[in-house]
2 protein chains.
Amino acid sequence: MQNAAQITTTHCEHKLRDADATKLKLVNAALLAFSTRGYDASSTRSIETEAGVKRGLINYHYGSKEALWKAAADHLMSMTERDLGTALETVKQMDEDARLYFFVRAYVAFCAKHPELNRLMIQEGMAHDWRLAWLLERSVRPWYEQVCRIFNQAAELGVAPKMDDHHFYYALTGAATLIFSNAAEARALSGKNPLDPDAVEAHANAVADLFTSIRNPI
Amino acid sequence: MQNAAQITTTHCEHKLRDADATKLKLVNAALLAFSTRGYDASSTRSIETEAGVKRGLINYHYGSKEALWKAAADHLMSMTERDLGTALETVKQMDEDARLYFFVRAYVAFCAKHPELNRLMIQEGMAHDWRLAWLLERSVRPWYEQVCRIFNQAAELGVAPKMDDHHFYYALTGAATLIFSNAAEARALSGKNPLDPDAVEAHANAVADLFTSIRNPI
DNA sequence: GTCTATAATTAGATAGAC
DNA sequence: GTCTATCTAATTATAGAC
């Protein structure tokens, strides 16, 4: 394998690009399927079809459906950590009193941009199996601790609602995300797409006001 | 069929009781399966096994998997309407200022008692198919309008948070329910069962405080 | 990297015996 | 009301030709 990389020809480069393109298409299709339909209800055949690749390529590139799920989940979590990590850095530059408020706004914006994240967490958070264990270990637990830390800092400053951090975490997560993860239902009820920028902005304002005691920071 | 009912013997009565018992076991097992695993991932075979009835009885009693889903969803929605309907009646006897607060508490208590409801809504709210259409028509739309009414009455009295009723509905629903619908995840994170009475009480207090402007009514 | 064939399993639904 | 046999279709996975 190392030798193959050294004697790279244009032919090999082309093949490598094709392989990476195929894998990317599969991971994206898998993410959509696993997060909206669930793991067991998503067949590898349907994922291949939706990805626009030939049948059998999931087993060729990933070896199994389970490995494809892990690759898709890892892809999603890496992107989430990157985006929310930079948001956290930005928030830490701010005045202490305003951190929770802008953290909540950034979190709502991210959830609207990537509803797959919360859909996947909802799908896998109901039953205790290998996928939930994987997600907890890989990302949920570190994220949970970071959110609790921001909340507890705000609580000491008196700008957070009065409650236990665990209840804060689930109240905030649910309030911030349900309208996006259940976008089909929300759209049917209101006639408006909750993922439209105006609706996202309105929801971010509503949730940030709700979960912080200061109404108009700055 | 009408004649058969008229010439009821003890033998027939016994058979009818067996049929009703079988159907009840099937509906309960179906509710658990459809709400936690999703419709497509729940096989009729597994539901029959979990219900402890013989194979083939789903098709015998209901004719199809689709009809079983509708029977299970109707069972759940009837119970929900009954329980939350009486809670609404109780709340309407109260002082106007306190209605929203105690409505939220009653809603949280119900969601903890029947996490299947929100699990089913989450499963079916992501994609727009015949099951979401059925749920919207059957119960979600009337419930949505009742919640908005209570919220708007509280808003006129100045005891509701400042936001659009549609965003209130989804923020409240998400905040109230996620900790129960994702109980497996919440338990793994905190080490405590969120469905325990103490945890339910704490969450009800937290959410009711959050979504009403008056802190200690009465 | 692509395509085909096929194995082994499981799905929902139907018909008929008891 | 219960049970069994069976049908058709779809599933994951493997091996091998190109």
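These numbers were taken from a predicted model, which means no experiment stands behind them. Just so it is clear, the values below take in all heavy atoms, side chains as well, and ignore hydrogens, waters and symmetry mates.
Put simply, CD1 on B:I58 is 11 Å from P on C:dA11, counting in whole angstrom units. Between the OH atom of A:Y62 and the P atom of D:dA13 there is a distance of 15 Å, given to the nearest Å. Going from atom CZ of B:R45 over to atom P of C:dG12 covers 7 Å, rounded to whole Å. At whole-Å resolution of the value, CG in A:N59 and P in C:dT2 are 15 Å apart. The distance from atom CG of A:L24 to atom P of C:dG1 is 14 Å, rounded to the nearest whole Å. Rounded to an integer number of Å, the gap from B:I47 CD1 to C:dA13 P is 11 Å. If you measure from atom CD of B:E48 to atom P of C:dA11, you get 11 Å, rounded to the nearest angstrom.
Closest approach to the A:A19 side chain among C:dG1, D:dG1, D:dA13 is made by C:dG1 (side chain taken as heavy atoms from C-beta onward). Listed nucleotides: C:dT2, D:dG1, C:dA13. Nearest to the side chain of A:L57: C:dT2. Comparing D:dT2, C:dA13, C:dT2 against the side chain of B:Y60 picks out D:dT2 as the nearest. Here the nucleotide nearest the side chain of B:S43, chosen from C:dA11, C:dG1, D:dA13, is C:dA11. The side chain of A:H61 lies closest to C:dG1 when the candidates are D:dT14, C:dG1, D:dT2. With distances taken from any side-chain atom of B:S64 to the nucleotides C:dG12, C:dG1, C:dA13, the minimum falls on C:dA13. Distance from the side chain of B:K65 is smallest for C:dG12 among the nucleotides D:dA13, C:dG12, D:dG1.
Of the two residues near DNA chain C, A:K23 and B:T44, the one whose nearest nucleotide lies more 5' is A:K23.
Donor-acceptor pairing under 3.5 Å is lacking for the side chains of B:T49 and B:S46. B:R99 and B:T212 are not linked by any side-chain donor-acceptor pair at a separation below 3.5 angstrom, with hydrogens and angles left out of the test. A:Y169 and A:E145 form no side-chain donor-acceptor contact under 3.5 Å, judged by distance and modelled atom types alone.
A salt bridge between A:R105 and A:E201 is present, with a side-chain N of the basic residue lying under 4.0 Å from a carboxylate O of the acidic one. Using a cut-off of 4.0 Å between Lys/Arg side-chain N and Asp/Glu carboxylate O, A:E124 and A:R131 are scored as salt-bridged.
Taking 4.0 angstrom as the limit, B:T22 places a side-chain polar atom (N or O) nearer than this to OP1 or OP2 of D:dT2.
For B:R55 against C:dT14, no side-chain N or O and base N or O form a donor-acceptor pair under 3.5 Å.
A:S42 comes within 4.0 angstrom of sugar-phosphate atoms only, judged by non-hydrogen atoms across all strands, and of no base.
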